[in-house]
**Student:** 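Structure provided below as structure tokens; questions to follow.
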Amino acid sequence: MTVTDAGNTATTISVSGGERVIGGRPAGCPSSFCGCGAALRVFGHHVPELNLAANWLRFPRTSPAPGMVAARRGHVFVLEQPLGGDMWMAYDANSGGHATRMHARSLRGYTVVNPRG
């Protein structure tokens, strides 16, 4: 299966254990790349000040919805689809092993923000 990201880069997806590994560190992102990856997903381009996950907490708080961002100091991910309760399918850059994944994530411990607000 092939996916095209906001930068029009085709990437092969592998599926294992109910999650999809989309790729690794996006070109131009620092080694800690969750904020950079989220900015690419939400805005379609790099936003250097959002490389730091904590800076996402400057956006207004909101209710969970597709396109919103779950943030805490140290990590961010983009909400894609509700799965029930506090579980969401998430676009999760730097989600472990320097991979970018689409997988189920809990919102527990995160603040949901509106990056367009």
**Student:** Can you run down the salt bridge (Lys or Arg N to Asp or Glu O under 4.0 Å) pairs that involve residues 63-82, sequence neighbours left out, and say none if there aren't any?
**Tutor:**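 Only Arg41-Glu80 qualify under salt bridge (Lys or Arg N to Asp or Glu O under 4.0 Å).
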**Student:** Are Ile22 and Phe43 connected into the same hydrophobic cluster when the rule is that any two of I, L, V, M, F, W, Y join if their side-chain heavy atoms are below 4.5 Å apart?
**Tutor:**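 Yes, one cluster joins them.
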**Student:** Determine the minimum heavy-atom distance between Ala38 and Val76, stating which atoms define it.
**Tutor:**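 For Ala38 versus Val76, the nearest heavy atoms are CB-CG2, 3.8 Å.
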**Student:** Between the main-chain N or O of Ala27 and the side-chain N or O of His46, is there a donor-acceptor pair closer than 3.5 Å?
**Tutor:**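 Looks like yes, one N/O pair under 3.5 Å.
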**Student:** If the condition is salt bridge (Lys or Arg N to Asp or Glu O under 4.0 Å), which residues does Arg101 pass it with, not counting sequence neighbours?
**Tutor:**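 Here the qualifying residues are Glu19.
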**Student:** Could you list the residues that satisfy side-chain hydrogen bond (donor to acceptor under 3.5 Å, both in side chains) with Arg58, not counting sequence neighbours?
**Tutor:**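 With sequence neighbours excluded, Arg58 shows a side-chain hydrogen bond (donor to acceptor under 3.5 Å, both in side chains) to Asn55, given in chain and number order.
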**Student:** Kindly write out the residues that satisfy disulfide (SG to SG under 2.5 Å) with Cys36, not counting sequence neighbours, or none if the list is empty.
**Tutor:**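 Testing Cys36 for disulfide (SG to SG under 2.5 Å), a comparison that skips the adjacent residues, returns Cys29.
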**Student:** When you check the side-chain N and O atoms of His75 and Asp92, is any donor under 3.5 Å from an acceptor?
**Tutor:**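 Indeed, the side chains of His75 and Asp92 share at least one donor-acceptor pair under 3.5 Å.
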**Student:** Considering non-hydrogen atoms only, spot the tightest contact between Pro26 and Gly37 and give its length.
**Tutor:**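 Nearest pair, atom of Pro26 first, then Gly37: CG-CA, 4.4 Å.
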**Student:** Taking all heavy atoms of Asn94 and all of Ser32, pick out the closest pair and write down the distance.
**Tutor:**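 Shortest heavy-atom contact: ND2-CA, 3.8 Å.
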**Student:** Is there a donor-acceptor contact under 3.5 Å from the side chain of Thr100 to the main chain of Gly24?
**Tutor:**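 Yes, the answer is positive, given that a donor and an acceptor are paired below the 3.5 Å cut-off.
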**Student:** If you link I, L, V, M, F, W and Y whenever their side-chain heavy atoms are under 4.5 Å apart, who else ends up in the same group as Phe77?
**Tutor:**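 Noted: Phe77 shares its cluster with Met68, Leu79, Trp88, Leu107, Tyr110, Val112.
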**Student:** Over all heavy atoms of both residues, which pair between Arg108 and Asp86 is shortest? Give the atoms and the distance, please.
**Tutor:**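 Of all heavy-atom pairs spanning Arg108 and Asp86, the closest is NE-OD2, 3.2 Å.
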**Student:** Count I, L, V, M, F, W, Y as connected when their side-chain heavy atoms are under 4.5 Å apart, and connections chain through other members. Are Val69 and Met102 then in the same cluster?
**Tutor:**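 In one cluster with Val69: Met102, yes.
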**Student:** Kindly give the heavy-atom pair with the smallest separation between Cys34 and Ala53, and that separation in Å.
**Tutor:**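 Closest approach of Cys34 to Ala53, heavy atoms only: SG-CB, 4.2 Å.
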**Student:** Which pairs pass ring-ring contact (aromatic ring centres under 6.0 Å, His included) with one or both residues in residues 48-71, sequence neighbours excluded?
**Tutor:**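 Qualifying pairs: Trp56-Phe59.
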**Student:** Is there side-chain contact between Ser95 and His103, with at least one heavy-atom pair below 4.5 Å?
**Tutor:**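 Heavy-atom side-chain distance check passes, below 4.5 Å.
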**Student:** If you look at every heavy atom in Val42 and Pro115, which pair is closest and at what distance?
**Tutor:**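 Heavy atoms only, the tightest pair is CG1-CG, 3.7 Å.
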**Student:** Heavy atoms, side chains only, cut-off 4.5 Å: are Leu57 and Thr111 in contact?
**Tutor:**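 Heavy-atom side-chain distance check passes, below 4.5 Å.
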